[in-house]
Amino acid sequence: MDALSGAPGVRSKRWSGQEGTTQEVDAANNAKLLSSLVGLADRRARFVCAAAWHGEGGELVTTGSVEGTILDAPSGTHGFGYDPYFRSSELAMTLADATTEQKRLVSHRGRAFDALLAALRVRRVLP
């Protein structure tokens with residue numbers, strides 16, 4: 001997040017330092033996120049994914065992102081991690097409120113890999 005100087009960043013799964021079940025880790029990460037945002041008006045955030053390929057003919061790195069804001073309270077029962085607090089600007093709902101198909105439309109991972117596949121096709125690495 002911009003307001004948190006890029007945190008939680010690439011180590012978002014381990015940001016809180018909590019160990020245990022997925023639910024325990026997610027709860028600790030979300031608690032740390034909310035406590036870090038106390039008093040901050042700017043809650044803009046994004047999920048970013050980088051996809052890389054290395055092979056004959058060189059290397060490629062592409063990225064994909066989804067923009068949104070962090071809410072004070074969770075919403076939705078789908079997804080995992082920060083999804084209940086992340087309100088997608090494009091979907092106008094949290095990623096945990098979105099259906100699998102809706103989430104797929106804005107997926108930062110999907111966008112990164114779609115861009116990578118397109119670049120590989122341009123290079124004629126893929127048909």
Side-chain angles (χ1 to χ4, degrees):
M1 292 185 55
D2 294 338
L4 301 179
S5 301
V10 70
R11 298 189 51 82
S12 63
K13 177 72 173 177
R14 294 164 203 69
W15 190 40
S16 67
Q18 175 72 41
E19 294 184 18
T21 66
T22 298
Q23 291 81 8
E24 291 168 335
V25 172
D26 287 352
N29 285 335
N30 284 320
K32 182 172 182 173
L33 175 66
L34 294 178
S35 68
S36 297
L37 292 172
V38 170
L40 296 178
D42 184 0
R43 289 175 164 242
R44 288 176 294 162
R46 74 187 55 81
F47 285 119
V48 179
C49 176
W53 173 85
H54 175 83
E56 208 171 300
E59 298 176 346
L60 285 171
V61 177
T62 58
T63 60
S65 65
V66 57
E67 303 288 328
T69 55
I70 302 298
L71 303 178
D72 286 323
S75 181
T77 58
H78 303 87
F80 60 94
Y82 303 101
D83 289 358
Y85 292 91
F86 185 89
R87 184 181 185 278
S88 163
S89 299
E90 290 174 82
L91 297 177
M93 68 179 80
T94 69
L95 293 180
D97 284 320
T99 65
T100 300
E101 186 56 36
Q102 289 170 317
K103 193 171 174 180
R104 189 175 294 126
L105 292 173
V106 299
S107 168
H108 57 299
R109 292 178 187 99
R111 288 174 173 171
F113 282 93
D114 286 347
L116 181 62
L117 290 173
L120 289 170
R121 287 187 180 103
V122 168
R123 286 193 180 190
R124 299 180 186 241
V125 174
L126 294 176

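Hydrogens, waters and symmetry mates play no part in the numbers below; they use all other heavy atoms, side chains included.
Atom CZ in Phe80 sits 12.5 Å away from atom CD in Gln23 (nearest 0.5 Å). Taking OG1 of Thr100 as the start and NE2 of His78 as the end, the distance is 6.5 Å to the nearest 0.5 Å. Going from atom OG1 of Thr62 over to atom CZ of Arg111 covers 13.0 Å, rounded to the nearest 0.5 Å. We find the CZ-OG distance between Phe47 and Ser12 to be 7.5 Å, quoted to the nearest 0.5 Å. Rounding to the nearest 0.5 Å gives a distance of 15.0 Å between OH of Tyr82 and CG of Leu71.
Shown here are the salt bridge (Lys or Arg N to Asp or Glu O under 4.0 Å) partners of Arg14, two or more places apart in sequence or in another chain: there are none. Residues passing the ring pair (Phe, Tyr, Trp, His ring centres under 6.0 Å) test with Tyr85: none are found, sequence neighbours excluded.
Closest of all the heavy-atom pairs between Leu95 and Val106 is CD2-CG2, 4.1 Å. Scanning both residues, Thr99 and Gln102, for their nearest heavy atoms gives N-OE1, 2.8 Å. Contact detail for Ser89 and Gly68: the closest heavy-atom pair is OG-CA, 3.5 Å. Across Ser65 and Val48, no two heavy atoms sit closer than the pair CB-CG2, 4.0 Å. Across every non-hydrogen atom of Asn30 and Gly81, the tightest pair is ND2-O, 3.0 Å. Between Trp53 and Arg123, the closest heavy-atom pair is CZ3-NH1, 4.2 Å.
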Inset, instruction - In sequence, state the C-alpha distance, the side-chain angles, and the governing distance for His54 and Leu60, and then conclude on side-chain contact (heavy atoms from CB on, under 4.5 Å). - result: CA-CA 7 Å; His54 175 83; Leu60 285 171; over 6 Å; no

Inset, instruction - Report the C-alpha separation of Leu40 and Leu4 in whole Å, then their side-chain angles, then the decisive distance to 0.1 Å, and conclude whether the side-chain contact (heavy atoms from CB on, under 4.5 Å) test is met. - result: CA-CA 10 Å; Leu40 296 178; Leu4 301 179; 4.1 Å; yes

Inset, instruction - Go through the steps to decide whether Glu90 and Leu105 satisfy the test side-chain contact (heavy atoms from CB on, under 4.5 Å), and finish with yes or no. - result: CA-CA 9 Å; Glu90 290 174 82; Leu105 292 173; over 6 Å; no

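Side-chain contact check for Phe113 versus Cys49: some heavy-atom pair is nearer than 4.5 Å. Under the 4.5 Å side-chain criterion, counting only non-hydrogen atoms from C-beta, Leu33 is not in contact with Arg43. Put simply, the side chain of Arg87 does not reach to within 4.5 Å of the side chain of Ile70, judged on heavy atoms.
Counting only distance, with no hydrogens or angles, the side chain of Thr94 and the backbone of Ser75 share a donor-acceptor pair below 3.5 Å.
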